[in-house]
Every structure is written in C-alpha cells, then in structure tokens.
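Note sheet for the following structure.
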Amino acid sequence: MEPINQLVAQRKQKLQKLIELGVNPYPYKFERTHTTKEVKEQFESLENQTVRVAGRLMANRLMGKAAFCDIRDMYDRLQLFIKKNEVGEHGFDIYKLLDIGDIIGVEGIVFKTRTGEISILVKELTVLCKSIRPLPVVKEKIEDGKRVVYDPFSDKELRYRQRYVDLIVNPEVKEVFIKRSKIITAMRNFLNERGYLEVETPILQPIYGGASARPFVTTHNTLKMKLYLRIANELYLKRLIVGGFEGVYEFAKDFRNEGMDRFHNPEFTQMELYVAYQDYYWMMELTENLISSIAQEVLGTTKITFQGHEIDLTPPWRRLPLFEGIKEYTGMDLTDATEEELKAAAEKLHITVEKEWGSGKIIDEIFGEYVEPKLIQPTFIIDYPLEMSPLAKKHRDNPRLVERFEPIIAGKEVGNAFSELNDPMDQRERFEAQMELRARGDEEAQVLDEDFLRALEYGMPPTAGLGIGIDRLTMLLTDQPSIRDVIFFPQMRPEQSGDES
RNA sequence: GGGCCCGUAGCUCAGCCGGUAGAGCAGCGGACUUUUAAUCCGUUGGUCGGAGGUUCGAUUCCUCCCGGGCUCACCA
C-alpha cells in the first residue's frame with residue numbers, strides 16, 4: 001500500500017458522509033437523454049426542455065448557495081448551474097460533498113447564462129461514482145475559439161503509465177485514438193469492398209518468419225515446446241493463398257524483441273494483405289489509393305501536415321528505383337557495384353562499414369542515411385537488392401534485384417510490399433542463404449520454414465503482398481511525433497513500488 | 001548500448017556560492033444565488049527518486065543505483 005495521503009483521506013470521509021445522507025455512491029445505472037455535445041448542438045430545440053446528462057466533474061465554481069460546475073463526457077464538456085432552491089437543502093448538501101473527478105448524472109433544464117453559455121439548470125443530481133483519488137486539475141478557458149490550458153498534465157511518464165488520467169484530462173489525446181480507430185475502420189472497409197477476406201493466423205508460432213527481426217520466446221507447458229511470438233504473419237497468409245483464397249488480410253499485432261524509440265514499440269500493429277494474380281505494380285496503385293482514401297475519409301483531405309511538413313497524399317505517387325534514389329542524393333551510381341566498390345562508396349559517404357555486412361546491408365545503410373530522410377512527399381522506393389529480401393520475387397528485368405517497394409512518407413517507411421516469391425526452389429535457396437547469415441552470427445536473419453516450402457511446392461499463384469504499419473500511419477495522419485502517442489499503453493519499465501518485495 | 005537533460009506537495013514549477021523547503025492551482029475553513037483560469041480572507045499538506053560519501057551541517061557538492069525525456073546507433 002502506498003501511503004494514504006490527506007487528499008485521499010478527505011475524499012473517503014466525504015464518501016462516508018454521502019452514505020450517511022442516504023446516497024449510494026456507486027449506483028448501477030443512469031438513463032440519460034442526451035450527451036453534452038447533443039445539448040450544445042441541439043440547443044435551439046432543447047432550450048427550456050428537461051434533459052438528463054452524465055459525466056465527470058471537471059471544474060467547480062461555488063458561490064455560496066449556488067454553483068457552476070463543468071462535466072465532461074466522451075463527446076464534450078458542459079456547464080451545470082446548481083442552485084440551492086432548485087435542488088433543495090438535501091441535494092445541495094450532496095453537491096457540496098462532490099470533488100473534481102466524481103461522476104454524476106443530472107436532470108435539469110437547458111438554458112443560456114447571462115454570458116451566453118449553454119448550461120443546465122439542475123433540478124436533480126445523482127452521484128454515479130465517488131472518486132477517491134485526486135485528479136490533476138487542468139484549468140482551461142476558450143480564447144478566440146481555442147482552448148488555452150493553464151496547468152497542463154504534461155509529464156510524459158505519468159501520461160503513458162496512467163493513460164486513463166491522460167485521457168480524462170487531455171481531450172485531444174482521445175481524439176488521436178478515435179482517429180486511429182477510424183483509420184483502421186476505413187482500411188478494413190476499403191479491403192472488404194474489394195472482396196478480400198479478413199482472417200486470423202497464429203500469434204504463437206513454432207517457427208517465426210516473414211521478417212528480419214529477433215523474436216520473443218515463450219514456452220507451452222503441456223507440449224513442453226518453445227514458441228515464438230510472431231514477428232510477422234506473412235508466411236501464414238501466403239499458405240492461405242496456396243489454399244485457394246485469392247485475397248486475404250489481417251490486422252496483426254507483431255512482436256519484435258528489439259530496441260525502442262520514437263518509431264518502435266516492442267509490440268506494434270501491421271496490416272498485411274495478399275492478393276493472388278497481381279504483382280507489385282498493381283499493389284503500388286492499391287497502396288496509394290488505400291492511404292489517400294483513408295486520409296480523405298478520416299481527415300476530409302489528402303493534404304496533411306506532419307511535424308511542420310506539408311504532405312500531399314494525392315495519387316499517383318512518385319516511383320523511384322532504389323539505385324536511382326542513391327544516385328540522385330549522393331551522385332553515385334552503385335547499380336552494378338561490387339561489394340568492394342560498395343564498401344569504398346560507403347566510406348566515402350562517412351558510413352562505417354561493419355565487417356559482417358553484405359552488399360545489401362551496405363546499400364540499405366547508404367539509402368537510409370542519404371535518401372530516405374529526404375523523401376518527404378509520398379514516394380515508392382522500388383527494386384531492392386536481392387539479398388535484402390528473401391521472400392520477394394526476382395525482378396523481371398534484373399536478377400540482382402527483387403520486385404519490392406516501400407512507401408516512404410515524411411522520411412519514414414510506412415509499409416513494405418513485393419511480388420511474392422512463389423518459385424519453391426528459389427525460395428529454398430534464399431532461405432539457405434539466410435541460414436548462412438545466421439550461422440555467421442546475424443541474429444535477425446530469417447529461419448528456414450520447411451512447412452512453408454512444402455506449401456509453395458504445391459504451388460502458389462503469382463501474388464502481390466503488402467504490409468502497412470498501422471502505428472506509423474496513425475502517427476502520420478494525426479501528426480504525432482512518437483509511436484507512444486498512438487499506442488494506448490506503450491511498453492514501459494515496471495514502476496518502482498514503494499515497498500520491497 | 002552511447003551522449004545530453006530531468007526527478008522537490010495531488011498537478012505545474014521556483015529554490016543563488018551548502019545552513020533540514022516555497023509559489024500557483026487543487027484541498028480544507030469562511031464570505032458570495034448567472035460564474036467561467038470565478039473572486040476575496042484564512043489555512044493544511046513534503047522521507048526534496050533511492051543508497052552511500054564529503055561536511056559541524058546536503059534539496060544543493062561527489063559516486064553508484066532506479067525511473068523518465070530527447071538524441072545517436074539497429075529495426076517497421
């Protein structure tokens with residue numbers, strides 16, 4: 001138990017007094033007729049009418065025998081006017097035992113105050129939940145239609161650890177998550193309209209695959225078996241394409257046991273889509289249409305602002321082959337460069353080449369350092385080196401490349417896609433190359449999946465695949481600088497508890 | 001993991017060259033029946049993140065630890 005401070009003790013006393021007044025501080029339900037927002041929006045027709053609204057008490061201005069207070073529900077904030085001669089002695093005694101943070105319901109008459117604020121003259125007040133822990137009090141006023149906050153609840157650690165408080169006190173946080181939900185709904189609708197099937201595949205996997213990353217490991221007690229939390233669902237979705245589904249997608253929580261920063265949380269959400277008989281050119285069109293139509297639907301525009309950058313998501317997006325991008329931003333043509341030449345080029349660009357890096361890795365580094373951050377407007381980077389992409393099909397015109405693209409927006413990739421490799425012999429060779437990397441100590445190299453190869457041996461149609469990072473897309477569309485601002489409960493170290501255990 | 005910065009009341013923050021803490025808001029008591037960052041008067045509240053060290057004396061200086069933020073590295 002943490003030390004009970006004075007504020008909690010006072011609130012518990014008030015709780016006791018409420019009970020003595022015959023009030024149930026935790027009743028079962030409250031019928032409301034309107035939300036706070038509806039009261040404001042429908043004021044014309046509701047004026048002088050009786051309504052019932054409920055919400056959390058956010059501010060209190062007591063003036064002897066009358067008081068103004070503000071309640072907030074999910075939609076808006078509304079002022080209540082409580083007069084002793086309206087609610088009665090008993091009602092006013094109850095009111096005086098309320099604290100900021102309590103949840104109440106009221107019945108009363110809609111009116112406008114002398115200063116023009118839509119309010120409710122309370123006739124009857126019901127306690128719905130007595131709060132015994134003090135809420136940070138955020139003072140705010142509306143100035144020229146903008147919300148001005150005086151004592152913001154701004155400590156990021158507290159906001160992330162106690163997201164419930166963050167949501168109560170900072171309404172704009174709620175807006176971000178509402179948009180996140182709308183983004184997912186819009187994406188799902190877009191995919192369903194095209195006839196693709198939403199499916200579910202295993203999170204606990206005996207062999208992890210579909211991406212280059214280190215996994216989380218767990219154990220199944222009964223089977224006495226090591227299981228991995230999925231790092232991607234790609235290989236399972238492709239098995240479904242083998243099975244005869246022609247368009248499948250999944251919103252997948254993936255888990256990667258890696259560092260955390262502004263763009264990375266150990267668990268994150270990705271939407272993966274696989275469509276039979278299509279290639280990556282087709283998928284590029286789908287991707288630009290998907291993202292621009294989500295923006296249109298959720299934000300009402302395809303022109304967005306992200307961290308000060310004006311970004312136009314209107315299709316078509318620029319398509320820039322990886323090596324042309326490098327040429328454009330470094331002046332170096334590395335298209336046919338050998339590994340030695342790549343090393344020399346990298347050093348000239350002040351990139352320290354680690355000795356275990358292959359040519360793919362070096363190219364990726366140069367790209368990541370010199371090209372990607374410059375790509376503010378939506379750009380498809382296309383045609384990656386073969387060795388970086390063990391699951392992608394060889395480029396139809398250049399066997400050193402694969403047919404792969406990443407949509408880059410605001411200098412960050414928001415997805416990954418390719419013409420899927422469906423040649424089982426080629427796939428086996430690629431896995432074997434990965435296993436060799438693994439043997440050399442690359443812990444992120446991919447693992448050979450015999451069952452997946454067996455599936456490919458039965459035959460998979462030509463297929464286009466796409467993964468979209470939902471968290472990053474949400475950051476982009478809500479203009480949030482950190483992934484932690486678009487995940488309700490981002491990963492944190494455990495809180496230090498007061499007592500030793 | 002490296003670098004920089006932060007941790008003081010429920011919240012937001014001051015606290016100088018070392019003398020065991022202060023403000024605003026919230027809370028509590030009082031005045032006030034159209035206020036709105038309500039106002040006015042009074043007032044409670046602190047293991048100064050933790051453990052050591054230096055010192056007569058540490059919130060302040062030093063070391064280590066814990067937690068966090070930003071940033072670089074790796075990754076979506």
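Hydrogens, waters and symmetry mates play no part in the numbers below; they use all other heavy atoms, side chains included. Numbers restart at 1 for each chain; the letters A, B, ... are given by sequence-line order, proteins then strands.
A side-chain N or O of A/Gln79 and one of A/Arg61 form a donor-acceptor pair less than 3.5 Å apart. Checked by atom type, the side-chain pair A/Tyr274/A/Glu272 shows a donor-acceptor distance below 3.5 Å. When only modelled atom types and interatomic distance are considered, A/Ser131 and A/Arg11 share a side-chain donor-acceptor pair under 3.5 Å. Inspection of the A/Asn60 and A/Tyr95 side chains reveals an N or O donor paired with an N or O acceptor under 3.5 Å.
Atom CD of A/Gln491 is separated from atom P of B/G69 by 12 Å (rounded to the nearest Å). Rounded to whole angstrom, the span from the CD atom of A/Glu444 across to the C1' atom of B/C74 amounts to 7 Å. As rounded to whole Å, 11 Å separates atom P of B/G10 from atom CZ of A/Arg133. For the pair A/Arg493 CZ and B/G1 C1', the computed distance is 11 Å after rounding to whole Å. Between A/Asp364 atom CG and B/A73 atom P the separation is 13 Å, expressed in whole Å. When the P atom of B/A26 is taken as reference, atom CG of A/Asp70 falls 13 Å away, rounded to whole Å. Rounded to whole Å, atom C1' of B/G27 lies 12 Å from atom CD of A/Gln13. For the pair A/Glu372 CD and B/C74 P, the computed distance is 12 Å after rounding to whole Å.
With contacts defined as side-chain heavy-atom distances shorter than 4.5 Å, the pair A/Ile382/A/Met284 qualifies. Between A/Leu125 and A/Val122 the shortest side-chain heavy-atom distance falls below 4.5 Å.
RNA chain B is contacted by A/Arg61, A/Leu62 of residues 53-62 of chain A, taking any non-hydrogen atom closer than 4.0 Å.
Nucleotides B/C6 and B/U43 place their C1' atoms 32 Å apart, quoted to the nearest Å. Taking atom C1' in both B/A38 and B/U33, the straight-line distance is 14 Å, to the nearest Å. When the P atom is compared between B/C11 and B/C16, the two are found 22 Å apart, to the nearest whole Å. Taking the C1' atom of each, B/A9 and B/U44 are spaced 11 Å apart, rounded to whole Å. The P atoms of B/G1 and B/C65 are separated by 11 Å, rounded to the nearest whole Å. Separation of the C1' atoms belonging to B/C70 and B/C61 is 26 Å when rounded to the nearest angstrom. As rounded to the nearest Å, B/A21 and B/A58 have C1' atoms that lie 13 Å from one another. Rounded to the nearest Å, the gap between the C1' atom of B/G19 and that of B/C48 is 16 Å.
With hydrogens and angles ignored, a donor-acceptor pair under 3.5 angstrom links the side chain of A/Thr113 to the base of B/U35. A donor N or O paired with an acceptor N or O is found under 3.5 Å between the base of B/C74 and the side-chain atoms of A/Asp261.
Among the heavy atoms of the strands lying under 4.0 Å from A/Lys156 are primed sugar atoms or P, OP1, OP2 only; no base atom is included. If you check every strand for non-hydrogen atoms under 4.0 Å, A/Phe255 touches nothing. In this structure, A/Arg214 reaches neither bases nor backbone, as no heavy-atom distance under 4.0 Å exists between it and the strands shown. Contacts of A/Phe268 with the nucleic acid, taken as non-hydrogen atoms under 4.0 Å apart, include base atoms. Note on A/Gln79: a base of the nucleic acid sits closer than 4.0 angstrom, heavy atoms only. Residue contacts shown for A/Lys112 are absent, as no nucleic acid heavy atom lies under 4.0 Å away. Residue-level contact check: A/Asn416 touches neither bases nor backbone, having no heavy atom under 4.0 Å from any strand. Within 4.0 Å (heavy atoms only), A/Glu413 reaches sugar-phosphate atoms of the nucleic acid but no base atom. Using a 4.0 Å heavy-atom criterion, one finds that A/Glu365 contacts the sugar-phosphate atoms exclusively.
Comparing A/Ala213 and A/Arg11 by the nucleotide of RNA chain B whose heavy atom lies nearest to each, the residue mapping closer to the 5' end is A/Arg11. In this structure, A/Leu98 and A/Pro134 both approach RNA chain B, and ranking their closest nucleotides by distance from the 5' end singles out A/Pro134.
Because its NZ or CZ atom is both nearer than 6.0 Å to the ring centre of A/Phe263 and within 45° of the ring axis, A/Lys412 counts as a cation-pi partner of that residue.
With sequence neighbours left out, the ring-ring contact (aromatic ring centres under 6.0 Å, His included) criterion links A/Phe153 to no other residue. Taking the ring-ring contact (aromatic ring centres under 6.0 Å, His included) definition, one finds that A/Phe488 meets it with A/Phe177, sequence neighbours left out. For A/Asp364, the side-chain hydrogen bond (donor to acceptor under 3.5 Å, both in side chains) test picks out no residue, with sequence neighbours left out.
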Restricting both atoms to N or O, compile the protein contacts to nucleotides 4-8 of chain B shorter than 3.5 Å, with distance only.
none

Dump the pairs, protein N or O against N or O of nucleotides 40-46 of chain B, anything under 3.5 Å, distances to one decimal.
from  : atom 1 : to     : atom 2 : distance (Å)
B/U44 : O2     : A/Gln6 : OE1    : 3.3
B/U44 : O2     : A/Gln6 : NE2    : 2.9
B/G45 : O4'    : A/Gln6 : OE1    : 3.0

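A/Phe216 and A/Phe255 have perpendicular rings, their planes meeting at more than 60° on a 0 to 90° scale where under 30° would count as parallel.
For B/A38, one of the phosphate oxygens OP1 or OP2 lies less than 4.0 angstrom from a side-chain nitrogen or oxygen of A/Lys139.
Classification of B/C17 as syn follows from a glycosidic angle within 90° of 0.
Partner assigned to B/A31 is B/U39, using Watson-Crick or G-U wobble distances below 3.5 angstrom.
With respect to A/Asp76 and A/Lys40, a salt bridge is recorded, a charged nitrogen being found less than 4.0 Å from a carboxylate O.
The environment of CD in A/Glu200 is sparse: at most 12 heavy-atom neighbours from other residues, nucleotides or ligands sit within 6.0 Å. Residue A/Lys17 places its NZ atom among 12 or fewer non-hydrogen atoms of other residues, nucleotides or ligands, all under 6.0 Å distant.
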Report the C-alpha distance between A/Phe68 and A/Phe81 in whole Å, list the side-chain angles of each, state the deciding distance to 0.1 Å, and finish with yes or no for ring-ring contact (aromatic ring centres under 6.0 Å, His included).
CA-CA 5 Å; A/Phe68 287 94; A/Phe81 186 29; 4.3 Å; yes
